[in-house]
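I have placed the structure first, in the form of structure tokens, so that the comments after it can refer back to it.
Numbering of residues begins at 1 and proceeds along the displayed sequence.
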Amino acid sequence: MRTVAVVGASLAGLSAARALRKQGYDGRLVVIGDETHRPYDRPPLSKEFLAGTLGEADLALETDGEDLAAQWLLGTRATGLDRTRRAVRLAGGREVRADGVVIATGAAARTLPGCEGLAGVHVLRTLDDARALREELARGGRLVVIGGGFIGAEVASTAYGLGLDVTVIEAAPAPLAGPLGAEMGTIVSGLHTDHGVRLLCGSGVRGLSGESRVEAVLLQDGRSVPADIVVVGVGARPCVDWLEGSGVELDNGVKCGADGRTGLAGVVAVGDCANWYDPRAGAHRRVEHWTGARERPDAAVAALLAGGAREPGLPRPPYFWSDQYGVKIQFAGHAACAESVTIEEGAADDRDVLAVYRRAGRPVAVLGMNQPRLFTRWRKQLAASTS
């Protein structure tokens, strides 16, 4: 291959570029990113950066003196992929012709319809989002977080630490029931009430009220929750619209094999936009976690350079972590595969549990709350038992 284009300049794109050089690719390398920023770390955006304890320089993902001998096209949006001409089309009419393409365009935060242009309403996905939200939180007031998932919970925890009055609204009966299951999701989300943060579950959001600036969140059950600031944390959608008509199969992101290969030769996908095949589950999964964006590009790049001649190995079980109210939460595996969950160590009321999820007696997932040593041991066992 003479030219490889990496479309996406966040962690997954940077990891793919690194993997290309590490695996011996010495041709032209073009990295295309729609943000103007160099690659930066996203997890701190909802925690240390939002709290003001980390600066922008601390978010840099590139090491001092790192040089991938790449051409960086930042602030440049990909608008299409021409499989016949093997070209990535860019906004403004330019294009990059490439023998190989790594799709790493990530995901974008979902928004609430009807709140466009209403001041005080935020999402949190990018550095620019975090800058704007941090400025607002510094003024204090009443914060309402819509969505009790991990991003919403981390924002609530950070804002609580900054002294704001915080309410979390979750449409489901129990927050985090999707990734953790209802039982453990309830235990983890109990951190909100432990710290005096209001948690309202079981009612969706009907809309927002306010003229030029948000004043309240209106619930479907008729309640109105006063708000000076609103953060919408209702998930993310894969950024794959630019691939419509390209021949790349789209299904909850870019549908690809266990090694990241798509149905088009010379095209692989990594990161939050990639819906990889999971051999353990016999199904495709789109995993939006830092670890996957860091590790899986190695396999995708190997498949790209080998032209699919190599058999993909089994990926490690998905892993993610979260820090909320001073508690370190770690999770690995798939809770949806479990038939049971048991607390092996600690006590739920103390929020220091180690819980193991099992199917047919075999562990399929593990959750730790302030149990880093035990969690690490179980995570290794989980990887071994599912390999």
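- Nearest heavy atoms, F49 versus R131: CE2-N, 4.0 Å.
- By the side-chain hydrogen bond (donor to acceptor under 3.5 Å, both in side chains) test, W321 pairs with no residue at all, sequence neighbours left out.
- Taken together through direct or relayed side-chain contacts under 4.5 Å among Ile, Leu, Val, Met, Phe, Trp and Tyr, V301 and V270 form part of one hydrophobic cluster.
- Expressed to the nearest 0.5 Å, how far CD of Q330 lies from CG of N370 amounts to 9.0 Å.
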side-chain contact (heavy atoms from CB on, under 4.5 Å) between R358 and E339, worked out: CA-CA 6 Å; R358 292 182 173 86; E339 297 170 336; over 6 Å; no
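- With a 6.0 Å radius and a threshold of 12 heavy atoms from other residues, nucleotides or ligands, K328 has its NZ atom above the threshold.
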Verdict with reasoning, D128 to H37, per side-chain contact (heavy atoms from CB on, under 4.5 Å): CA-CA 10 Å; D128 291 338; H37 311 294; 3.1 Å; yes
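- Counting heavy atoms of neighbouring residues, nucleotides and ligands inside a 6.0 Å radius, atom CZ of R316 does not exceed 12 of them.
- For CZ of R373, the number of neighbouring non-hydrogen atoms (other residues, nucleotides, ligands) closer than 6.0 Å is 12 at most.
- When hydrophobic side chains of Ile, Leu, Val, Met, Phe, Trp and Tyr are connected at separations under 4.5 Å, V205 ends up clustered with L112, L118, V121, V123, V144, I146, I169, L200, L208, V214, V217, L219, V225, V230, V232, V234.
- Evaluation of the salt bridge (charged side-chain N to carboxylate O under 4.0 Å, His left out) test over residues 213-234, restricted to residues two or more places apart or in two chains, returns E136-R213, R142-D228, D221-R223.
- The closest side-chain heavy-atom distance from H334 to R285 is below 4.5 Å.
- Residues that satisfy the side-chain hydrogen bond (donor to acceptor under 3.5 Å, both in side chains) test with W72, not counting sequence neighbours, are absent from this structure.
- Two residues are said to be in side-chain contact when any heavy atoms from C-beta on lie closer than 4.5 Å; R85 and E95 meet this criterion.
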Step-by-step side-chain contact (heavy atoms from CB on, under 4.5 Å) determination, V287 to W276: CA-CA 8 Å; V287 178; W276 280 44; over 6 Å; no
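- A search for side-chain hydrogen bond (donor to acceptor under 3.5 Å, both in side chains) contacts involving Y357 returns nothing, not counting sequence neighbours.
- L11 places a side-chain heavy atom less than 4.5 Å from the side chain of W290.
- Interatomic distance, Q371 CD to T376 OG1, rounded to the nearest 0.5 Å: 11.0 Å.
- Looking at E344 and T342, their side chains come closer than 4.5 Å, going by heavy atoms from C-beta outward.
- Listed by first and then second residue, the salt bridge (charged side-chain N to carboxylate O under 4.0 Å, His left out) pairs that reach into residues 57-73 are R18-E66, R38-E62, sequence neighbours excluded.
- At a threshold of 4.5 Å between non-hydrogen side-chain atoms, the residues L45 and Y40 count as touching.
- Every residue meeting the side-chain contact (heavy atoms from CB on, under 4.5 Å) condition with A156, not counting sequence neighbours, appears here in chain and number order: V145, V166, V168, H192, Y325.
- Between A91 and T79 the shortest heavy-atom distance is N-CG2, 3.6 Å.
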Full working for salt bridge (Lys or Arg N to Asp or Glu O under 4.0 Å) between R198 and D165: CA-CA 9 Å; R198 287 180 296 279; D165 177 275; 2.5 Å; yes
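- No donor-acceptor pair closer than 3.5 Å links the side chain of R359 to the backbone N or O of P363.
- Side-chain atoms of D352 come within 3.5 Å of backbone atoms of A347 as a donor-acceptor pair (strictly under, hydrogens ignored).
- Closest of all the heavy-atom pairs between P44 and L59 is CB-CD2, 3.8 Å.
- The side-chain contact (heavy atoms from CB on, under 4.5 Å) test applied to A172 returns E170, not counting sequence neighbours.
- For the atom pair CZ of R134 and CG of L127, the computed distance is 8.5 Å after rounding to the nearest 0.5 Å.
- Judged as a side-chain hydrogen bond (donor to acceptor under 3.5 Å, both in side chains), and not counting sequence neighbours, the contacts of N252 are R286.
- Expressed to the nearest 0.5 Å, how far NZ of K255 lies from NE2 of H284 amounts to 5.0 Å.
- A donor-acceptor pair is defined here as one N or O able to donate and one able to accept, closer than 3.5 Å; no such pair exists between the side chain of N275 and the backbone of G253.
- The two residues G260 and A300 come nearest to each other via the heavy atoms CA-CB, 4.5 Å.
- Considering only heavy atoms from C-beta on, M369 stays 4.5 Å or farther from F375 through its side chain.
- Partners of R86 according to the side-chain contact (heavy atoms from CB on, under 4.5 Å) rule, which considers only residues two or more places apart in sequence or in another chain, do not exist here.
- Remark: the backbone N or O of G75 is not paired with any side-chain donor or acceptor of T36 at under 3.5 angstrom.
- We find the OG1-CD distance between T3 and Q71 to be 9.5 Å, quoted to the nearest 0.5 Å.
- For the pair V353 and M184, the minimum side-chain heavy-atom distance is below 4.5 Å.
- Note on residues 100-127: pairs passing salt bridge (charged side-chain N to carboxylate O under 4.0 Å, His left out), not counting sequence neighbours, are R125-D272, R125-E288.
- Within a 6.0 Å radius of CZ in R89, more than 12 heavy atoms belonging to other residues, nucleotides or ligands are found.
- For the side-chain contact (heavy atoms from CB on, under 4.5 Å) test, residues two or more places apart in sequence or in another chain that qualify with S10 are R42.
- Considering all non-hydrogen atoms of both residues, T84 and D82 come closest at N-OD1, 3.0 Å.
- Screening I329, I343, I187 for a side-chain contact (heavy atoms from CB on, under 4.5 Å) with L367, the sole residue that qualifies is I329.
- No side-chain donor-acceptor contact under 3.5 Å links E249 to the backbone of T262.
- With hydrophobic clusters built from ILVMFWY side chains whose heavy atoms lie under 4.5 angstrom apart, V254 does not share a cluster with V102.
- The backbone N or O of A153 lies less than 3.5 Å from no partner atom in the side chain of S157, so there is not a single donor-acceptor pair.
- The cluster map of Ile, Leu, Val, Met, Phe, Trp and Tyr, joined by side-chain heavy atoms under 4.5 Å apart, puts Y277 and L250 in different clusters.
- Residues L243 and L73 are members of one and the same hydrophobic cluster, defined by side-chain heavy-atom contacts under 4.5 angstrom among Ile, Leu, Val, Met, Phe, Trp and Tyr.
- Annotation: side chain of C273 is in contact with side chain of I103 (closest heavy-atom distance under 4.5 Å).
- Summarising the geometry, atom CG belonging to L176 is positioned 8.5 Å from atom OG belonging to S322; distances are rounded to the nearest 0.5 Å.
- For D350, the CG atom is densely surrounded, since the number of other residues' heavy atoms within 6.0 Å is greater than 12.
- No donor-acceptor distance shorter than 3.5 angstrom exists from the side chain of T76 to the backbone of I32, with no hydrogens or angles considered.
- When every heavy atom of P297 is checked against every heavy atom of A12, the shortest pair comes out as CG-O, 3.8 Å.
- V6 and V248 are not part of a single hydrophobic cluster, where members link through side-chain heavy atoms under 4.5 Å apart.
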